[in-house]
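Take a look at the structure below.
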Amino acid sequence: MGGGHERHSQSPVTGPRSIAIVDCNNFYVSCERVFQPALEGRPVVVLSNNDGCVVARSDEVKALGVKMGVPFFQIRPLVEEHGILAFSSNYALYADMSNRVMSILHHFSPHQEVYSIDECFLDLTGMEHLDLTRYCQKIRQRIRKWLGLPVCVGIAPTKTLAKLANHIAKKQPQYNGVCNFNQMPSLEADRIMASIGVGEVWGVGRRLAEHLGRMGIETVKALRDADPKGIRQQFSVVLERTVLELRGISCLSLEDIAPVKKQIMSSRSFGAYVYSLQDLGEAVSLYTSRAAEKLRSQRSVAGGIQIYIRTNPHKEHAPQYHPSITVPLIEPTDDSRRIVRAALWGLKRIYRPGLAYQKAGIMLVELSPSGQKQAGLFPAVMGQDESRSKRLMCTLDRINQRMGNGTLRLASEGIEQNWKMKSGRKSPCYTTRWDEIVKAMA
DNA sequence: TCTGGGGTCCTAGGACCC
DNA sequence: TCTGGGGTCCTAGGACCC
């Protein structure tokens, strides 16, 4: 295999590996249910920012045919008819629950890749004597008992197969929440793979599934049995790796240590249309400050910032405008004030009056480790200023961390913030704010 | 009326260089 | 008038993921 990126190189480990993926069921909905047990058994959805789209559905809602990501207003009739309960997303709560899940999992294997807020790969290679199906049942039971969250587990020699096993564990009750390809007769694996659509494979989205379907590759099994070289030619090296992974040949390694981000974004739709440069500037300032915080927390500096604003693309008859601009930062920096200054400069360049803006966003780019910052063009001028900046940003972060986000903020972020999001259905931050902790009533 | 946010990787094509 | 070929770097866009 010709070179390539390290993380895609084949594992030097000989013999099949045992990779597990633990995935929380309907994570956001399950988090809400932990603190409101009365929601159990009832149809529940969690909505995206601005209560715009459905981003999590309980089984009852899935059974009604509600798809992931549909605009909430489109399912209003169903909501009325079936008494669907809807919640604004409460990310502080979900992040906190996620951390708890991950730390429990860490006890089951130190080789852990936190893949997303509700998913985690574990390398269980070498622990097969424990009977991994039983071992993973223990994982399920512990997370259920300690946190009240339901999870399913897939086990296989590769990540792609583990994801597939997880899918099976979720859909087919006879597996009782744990599906282990490493202990499955190959005839049974064939049968199951022939019964699952190719679109369920990790890495095969809607477009690829359509394209593959036109070529007669409609099931997981058909993709597994396709010629890898041919797939590479017709599609890409990525899909070729998927084919190999489906055959049990590992191409994706488990990444214990999370790599630093290469770009950091912050964007948001507004609660109501925004027209003025002033309001857009406040929003852009806030987003930039949030991104800069993340930048500092991973100890990077940014070499540039991209700013974009846009009108509502769904309003086809309204005038459309979606410009963007990238502003280089002369000196790579992590100082919120400097980055915000650059962002506002860029915003002024692209702003046009008379339009109804629906969203703004920024992206920090050209990130590099903050230690090895290049000596500036004017080193004599920078030195003193720099250590001041460092102390100030450090203090800012510490106060906001302790007292809550937004306790201290730049004046440019505004006071009124009439562009703020709507979020009228939010549950309390049970676990992260003392003033919203569960109250026990006699 | 009302349509999310944050990431990654790969590829193609153009600019530029020798 | 006729005008090569190969390499690198960058960017935009598309696909995917949750």
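So you know, we letter chains A, B, ... as the sequences are listed, proteins then strands, and number each from 1. Excluded from the calculations below are hydrogen atoms, water molecules and symmetry mates; all remaining heavy atoms, backbone and side chain alike, are included.
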Verdict with supporting geometry, F235(A) and H211(A), ring-ring contact (aromatic ring centres under 6.0 Å, His included)
CA-CA 9 Å; F235(A) 298 91; H211(A) 194 161; 4.6 Å; yes

Evaluate the criterion ring-ring contact (aromatic ring centres under 6.0 Å, His included) for residue pair Y357(A) and Y275(A); output intermediate values, then yes/no.
CA-CA 6 Å; Y357(A) 294 99; Y275(A) 299 87; 8.0 Å; no

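Comparing the same atom, P, in dC17(B) and in dT3(C) gives a spacing of 23 Å after rounding to whole Å. When the P atom is used for both dC18(C) and dC2(B), the distance is 30 Å, rounded to whole Å.
Going from atom NZ of K170(A) over to atom P of dC18(C) covers 10 Å, rounded to whole Å. Counting to the nearest Å, the P atom of dC10(C) and the CD atom of E366(A) are 9 Å from each other. Rounding to whole angstrom units, CD of residue E240(A) and C1' of dC10(B) are separated by 14 Å. Rounded to whole angstrom, the span from the CG atom of L212(A) across to the C1' atom of dC16(C) amounts to 13 Å. Straight-line distance from the CG atom of L239(A) to the P atom of dT8(B): 22 Å, rounded to whole Å. Atom CG of D51(A) is separated from atom P of dT1(B) by 18 Å (rounded to the nearest Å). In this structure, the CG atom of N166(A) is 15 Å from the P atom of dC17(C), given to the nearest Å. For the pair L364(A) CG and dG6(B) P, the computed distance is 11 Å after rounding to whole Å.
Among dG6(B), dA15(C), dT3(B), the nucleotide with an atom closest to any side-chain atom of R207(A) is dA15(C). If you check dC18(C), dC16(C), dG7(B) against the side chain of K261(A), the one that comes closest is dG7(B). For V55(A), the side-chain atoms get nearest to dG4(B) when compared with the rest of dC9(B), dG4(B), dC16(C). Distances were taken from every side-chain heavy atom of L208(A) (C-beta onward) to each of dG6(B), dC16(C), dC2(B); the shortest belongs to dC16(C). Nearest nucleotide to the N49(A) side chain, out of dG4(B), dT11(B), dG7(B): dG4(B). Listed nucleotides: dC18(C), dG6(B), dT11(B). Nearest to the side chain of M265(A): dG6(B).
At a threshold of 4.0 angstrom between heavy atoms, the contacts of V70(A) with the nucleic acid are absent. Note on I117(A): nothing from the nucleic acid sits closer than 4.0 angstrom, heavy atoms only. Residue V201(A) is classed as a sugar-phosphate contact, given heavy-atom separations below 4.0 Å to backbone atoms only. In this structure, Q263(A) reaches the bases: a heavy-atom distance under 4.0 Å links it to at least one base atom across the strands shown. Within 4.0 Å of L47(A), counting heavy atoms only, lies no atom of the nucleic acid at all. Within 4.0 Å of Y115(A), counting heavy atoms only, lie sugar-phosphate atoms of the nucleic acid but no base atom. Among the protein residues, Y287(A) comes within range of no part of the nucleic acid, since none of its heavy atoms lies under 4.0 Å from any strand.
Heavy atoms of other residues, nucleotides or ligands lying less than 6.0 angstrom from NE2 of H322(A) number 12 at most. Heavy atoms from other residues, nucleotides or ligands lying under 6.0 Å from CZ of R299(A) number 12 at most. Shown here is R42(A), whose CZ atom has no more than 12 heavy atoms of other residues, nucleotides or ligands within 6.0 Å.
The pair R206(A)-E210(A) counts as a salt bridge, with a side-chain nitrogen and a carboxylate oxygen less than 4.0 angstrom apart. For K221(A) and D190(A), the salt-bridge test fails: no basic side-chain N is under 4.0 Å from an acidic carboxylate O. Between D335(A) and R337(A) a salt bridge is recorded (basic side-chain N to carboxylate O distance below 4.0 Å). A salt bridge between K163(A) and E119(A) is present, with a side-chain N of the basic residue lying under 4.0 Å from a carboxylate O of the acidic one.
Contact annotation: R268(A) side-chain N/O to dG6(B) OP1/OP2 distance is under 4.0 Å. In terms of phosphate contacts, K163(A) brings no side-chain nitrogen or oxygen within less than 4.0 Å of OP1 or OP2 of dC17(C). A sub-4.0 Å separation between OP1 or OP2 of dC10(B) and a side-chain N or O of R241(A) is present. At the phosphate of dG5(B), OP1 or OP2 sits under 4.0 Å from a side-chain N or O atom of S269(A). Applying the 4.0 Å criterion to OP1 and OP2 of dG5(B), one finds that K359(A) has a side-chain N or O inside that range. Between S236(A) and dC9(B) there is no side-chain polar atom (N or O) within less than 4.0 angstrom of OP1 or OP2.
Comparing Y308(A) and N312(A) by the nucleotide of DNA chain B whose heavy atom lies nearest to each, the residue mapping closer to the 5' end is N312(A). Nearest-nucleotide assignment on DNA chain B puts the 5′-proximal partner with Q74(A), out of Q74(A) and K294(A).
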Dot-bracket, 5' to 3', for DNA chain C please: Watson-Crick or G-U pairs under 3.5 Å, [ ] where pairs cross earlier ones, | where the partner sits on another strand, dots elsewhere.
....||||||||||||||

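In summary, the side chains of N182(A) and S18(A) do present a donor paired with an acceptor at a separation below 3.5 Å, with no hydrogens or angles considered.
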